[in-house]
Amino acid sequence: MTDNRSLRGFSALVAVIALTGAACSAGGDTNTVTTIALPHDWCNYGAMLDGFTKKTGIKLNELNPNAGSGDEIEAIKANKNNKGPQAPDVIDVGISFGPTAKAEGLLMNYKVATWDTIPANAKDADGAWYGDYYGVLSFEVNTARIKTIPKDWNDLLNPEYKNSVALAGDPTTSNQAIQSVQAAALANGGSLDNAEPGLQFFKQLKEAGNFVPTVAKQASLVSGETPIVITWSYLALADRDALKGNPTVEVVIPASGRFGGMYAQAISAYAPHPDAAKKYMDYLYSDEGQMHWLAGYCYTTRFDDLVARNAIPADLTAKLPDVAGAVFPSQAQLDTAKTLITGQWRSVVGVDVKPQP
Amino acid sequence: MSRRGRLSWLGLLPFLLFSILFMLLPIGFLVVGSFQDSAGDVTLQNYADLSEPFIVEAYLTSIEISLVTAIGGGLFGFLLAYAVILGGLPPFLRTALMTFSGVASNFAGVPLALAFIFTLGNAGLVTTFLLDTFKIDIVEGGFSLYTKLGLELVYMYFQFPLMVLIIAPAIDGLRREWREASENLGATPRQYWQRVALPILTPTLLGTVILLFGNAFGAQATAYQLSGGTINLVTLVISSQIRGDVLHNVGLGYALAMGMVAIMAVSIAAYTLLQRRAERWLQ
Amino acid sequence: MTTDVVGVRRTEATIGLATARRRRGPRLGLLVWWAIFLVGILYFFVPLYATLAFSLRAQPMFGAYANVADDSRFIGSLIYSAGIGIVTIVVSTLIIVPTAYWVRVRLPHLRPVIEFLTLMPFVIPPVILVFGLLRSYSGEPFGLTNSSFGSDLLLVAAYVVLSFPYMYRAVDSGLRAIDVRTLTEAAQSMGAGWVRILWQVIFPNLRVSLLSGAFLTLAIVIGEFTIATFLARPAFGPYLSVLGQDRAYEPAAVSLISFGLTWIAMGIIALLGRGSRQRVQVGGAR
């Protein structure tokens with residue numbers, strides 16, 4: 001009878017899964033480090049992680065590469081009692097999250113071997129978190145669709161860029177997007193303390209019909225839906241390389257309004273594999289590790305030190321974009337801008353906002 | 001009788017136990033967290049914040065979009081299901097539609113948003129086709145995929161199939177003989193629908209519409225990708241509080257989710273009333 | 001009452017006429033139904049075609065697909081997710097069918113409460129669900145996350161919860177279409193106990209509903225990403241996202257492949273669900 005046959009089939013499947021599950025190693029592996037939110041194309045993390053595994057023999061357990069900084073913090077909190085593979089050992093978050101995570105007791109103090117070469121304003125004095133890399137906001141341009149390359153923020157307002165310009169996220173959720181608005185402010189009479197002109201810029205962009213209110217992805221850049229994307233320089237350059245000319249992409253660092261955004265590394269206070277985590281951090285901040293990030297077009301916090309000691313191969317330096325004049329906001333400036341932009345974004349660019357006649 | 005009555009609820013024990021262990025317990029964290037601020041102290045501020053105009057607007061927009069796609073999706077989904085089951089189409093189309101609906105019901109998020117961008121976006125396939133072949137410029141004409149209407153259009157992609165799958169057994173239950181019988185008794189198609197089919201189908205139709213409502217109400221990834229957050233939806237506000245890189249008031253996110261729970265409860269109450277009204281018709 | 005008897009007699013007497021009328025009547029109706037169906041096909045397939053067209057713009061043309069097929073974890077993660085899906089379907093069915101039946105037959109006044117509970121998964125963001133489960137079950141005394149099997153259990157539990165709205169509604173829809181009370185009374189009068197009634201009377205009559213519920217649940221499990229990734233399970237969803245992230249053509253190829261494979265899985269379930277009795281698919285509870 002069908003019922004019996006199906007029942008036997010199901011039982012067999014359950015048994016197979018149970019056995020497979022039991023056969024796989026349980027979480028007691030000490031030669032592992034659990035990472036989270038590390039896309040392989042982001043700052044060349046793919047090569048970095050490979051290099052780390054090859055050098056130390058420590059295996060990687062990679063969680064959700066698409067996690068946001070908020071997710072990473074929540075993952076630490078939810079796994080406080082968990083020594084299994086779900087608990088992250090190390091995190092890479094927007095630098096604003098460093099101090100708050102430390103205040104909540106989520107981070108473990110550790111000073112990497114090369115601690116002294118990291119600038120003081122890019123790290124926590126106790127070693128709870130430490131800046132890792134930065135880039136500036138740039139324009140990623142699909143040159144198959146866009147014939148005249150914009151050179152600066154205000155060029156984006158030209159009528160030839162109708163339905164062309166997009167952000168890589170939502171300013172109320174994404175670090176990248178909110179800092180794009182701040183960057184626009186710098187180029188339009190604002191400053192790190194005043195992000196209002198940035199909002200006005202996007203309002204103008206929308207009224208000119210140039211702004212495409214969607215989250216730009218590599219796919220939408222390529223398809224022509226969002227041929228100009230405002231995104232981190234390292235992401236844009238990585239995209240350009242990955243696309244290999246299909247289509248051709250040019251990355252423009254704007255002439256004015258160069259806004260630097262930094263991320264920070266930290267070890268979780270509840271890390272299941274603290275020793276492996278420390279070795280991981282040491283690798284990231286070793287000269288060898290730093291080369292991987294540089295190859296991913298990310299300037300690292302140890303950059304000046306590396307340059308001073310001539311530790312970077314010339315061809316690598318040649319590939320890095322010119323970001324002279326980039327400014328970095330302080331924590332306070334980031335917070336003020338965040339409050340302003342997230343509060344006003346929808347009233348400025350929201351769907352129900354009609355352009356003035 | 002009273003002893004049997006009291007013990008009756010034991011029949012629900014497996015479900016209740018499972019729900020408590022694996023659903024209500026996580027929700028418990030939600031409830032507790034909604035009363036905490038970022039320092040972990042107890043506060044009612046999160047709930048007070050719910051009355052902010054921005055948040056009220058988020059709820060209203062979410063409800064609006066969910067209702068529109070529930071009713072619209074329900075209507076066309078019902079017609080589609082009826083077409084393949086009782087409409088006289090070849091039987092293999094029914095299996096094809098059912099299996100396809102299974103897949104499409106979960107086709108959402110970034111892939112769905114991108115699929116529609118590729119189709120109806122400013123540089124989309126259909127957009128350029130209409131422009132090149134018929135000289136119709138829908139973008140100039142005011143159509144934009146990045147509006148509420150566009151989002152509703154995209155949501156239909158998983159609403160139609162859901163309706164098709166759930167209403168199928170109900171349409172099956174509409175015996176073909178009833179239609180023939182009513183025709184032989186001289187009823188017009190309209191009378192058949194009014195007196196026979198709709199009264200039988202209405203309870204299930206209502207039940208499925210509320211399912212579609214919940215489905216759209218809880219959707220987040222599609223809206224985020226498509227509209228880049230320019231449309232104010234509750235699920236987007238929640239994710240920006242809990243998961244975002246920028247805003248980070250987790251307690252507020254939890255309170256917002258509790259608000260959604262409350263809205264679902266109200267919807268179910270309304271639907272139950274409607275259901276009772278409809279059932280009275282049948283008797 | 002009398003009219004009904006007359007009506008039935010009249011129907012029986014005019015079956016022949018009815019057949020003739022049937023051929024003439026619904027022709028216009030048939031066209032309308034075809035039109036609706038074709039609109040549906042257009043709506044569903046044009047976006048899929050647009051995605052396909054986009055994915056083929058890669059160089060070489062099938063490059064995006066080749067990258068996907070090359071990877072050895074592709075089959076492994078797909079089998080894993082399919083397996084988890086089947087277990088989820090079984091557990092969900094075993095919980096929901098008796099519950100929906102019991103509510104319908106014995107406790108109709110509790111229906112709004114049960115419906116509310118089954119709709120809850122819609123308003124819990126999956127992130128909250130998974131982090132809540134981790135908080136509750138990862139430490140002492142459960143320690144479920146200390147083993148792969150335990151984590152798999154958590155995954156199945158989470159997916160069963162996610163399937164509740166769909167499973168319940170599908171089963172409820174099916175129960176409404178059959179006269180549950182009469183069937184129950186008839187079976188009881190023949191001496192059947194509850195288990196027997198459920199297993200041999202109710203389940204077989206819910207074939208279409210259970211298929212719908214199975215489709216919906218399997219689709220959810222194969223496509224699900226958030227819970228699987230935070231539970232560190234080797235499922236298809238996390239695998240796909242790692243593969244396609246931050247690229248242009250690969251995600252399009254990947255979503256189409258996923259779509260196609262899930263459709264095939266549905267087809268297999270549909271075949272299995274037909275059972276040994278050769279029933280024509282058009283019929284339901286006739």
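Please read all numbers here as calculations on a predicted model, not as lab measurements. Chain A is the first sequence line, chain B the second, and so forth, proteins listed ahead of strands; every chain is numbered from 1.
Both the backbone and the side chain of A:Glu225 come within less than 4.5 Å of a heavy atom of chain B. With a threshold of 4.5 angstrom between heavy atoms, A:Val212 approaches chain B through side-chain atoms but not through N, CA, C or O. At a 4.5 Å heavy-atom cutoff, A:Ser96 makes no contact with chain B through either its backbone or its side chain.
Residues B:Leu252 and B:Leu256 meet the side-chain proximity criterion, which asks for heavy atoms closer than 4.5 Å. In this structure the side chain of B:Met264 reaches within 4.5 angstrom of the side chain of B:Phe213, judged on heavy atoms. Within the 4.5 Å cutoff, side-chain heavy atoms of A:Pro88 are placed close to those of A:Ile76. Within the 4.5 Å cutoff, the side chain of A:Ile230 has heavy atoms near those of the A:Phe202 side chain.
The residues B:Glu57 and A:Arg346 are annotated as not salt-bridged, no charged nitrogen and carboxylate oxygen being separated by less than 4.0 angstrom.
Using a 4.5 Å heavy-atom cut-off against chain A, no residue of residues 17-35 of chain B qualifies as contacting. Residues of residues 108-119 of chain B that come within less than 4.5 angstrom of chain A, heavy atom to heavy atom, are B:Val110, B:Leu114, B:Ile117, B:Phe118 in numerical order. Residues from residues 41-51 of chain B never place a non-hydrogen atom less than 4.5 Å from a non-hydrogen atom of chain A.
Qualifying side chain to side chain donor-acceptor pair (under 3.5 Å) partners for A:Asn79, counting only residues two or more places apart in sequence or in other chains: A:Asn82.
Ring orientation note: the planes of B:Phe160 and B:Phe76 are tilted relative to one another, at an angle of 30° to 60°. Ring pair A:Trp345/A:Phe211 is perpendicular by interplanar angle, where above 60° counts as perpendicular and below 30° as parallel.
Panel note: side chain B:Thr235, backbone B:Ala219; a donor-acceptor pair is recorded below 3.5 Å. Counting only distance, with no hydrogens or angles, the side chain of A:Ser220 and the backbone of A:Ala216 share no donor-acceptor pair below 3.5 Å.
Each of A:Tyr263, A:Tyr134, A:Tyr234 was checked for a side chain to side chain contact (heavy atoms under 4.5 Å, CB included) with A:Cys43, and the lone residue meeting it is A:Tyr234.
For the residue pair B:Tyr146 / B:Asn122, no side-chain donor-acceptor distance below 3.5 Å is found, with atom types taken as modelled.
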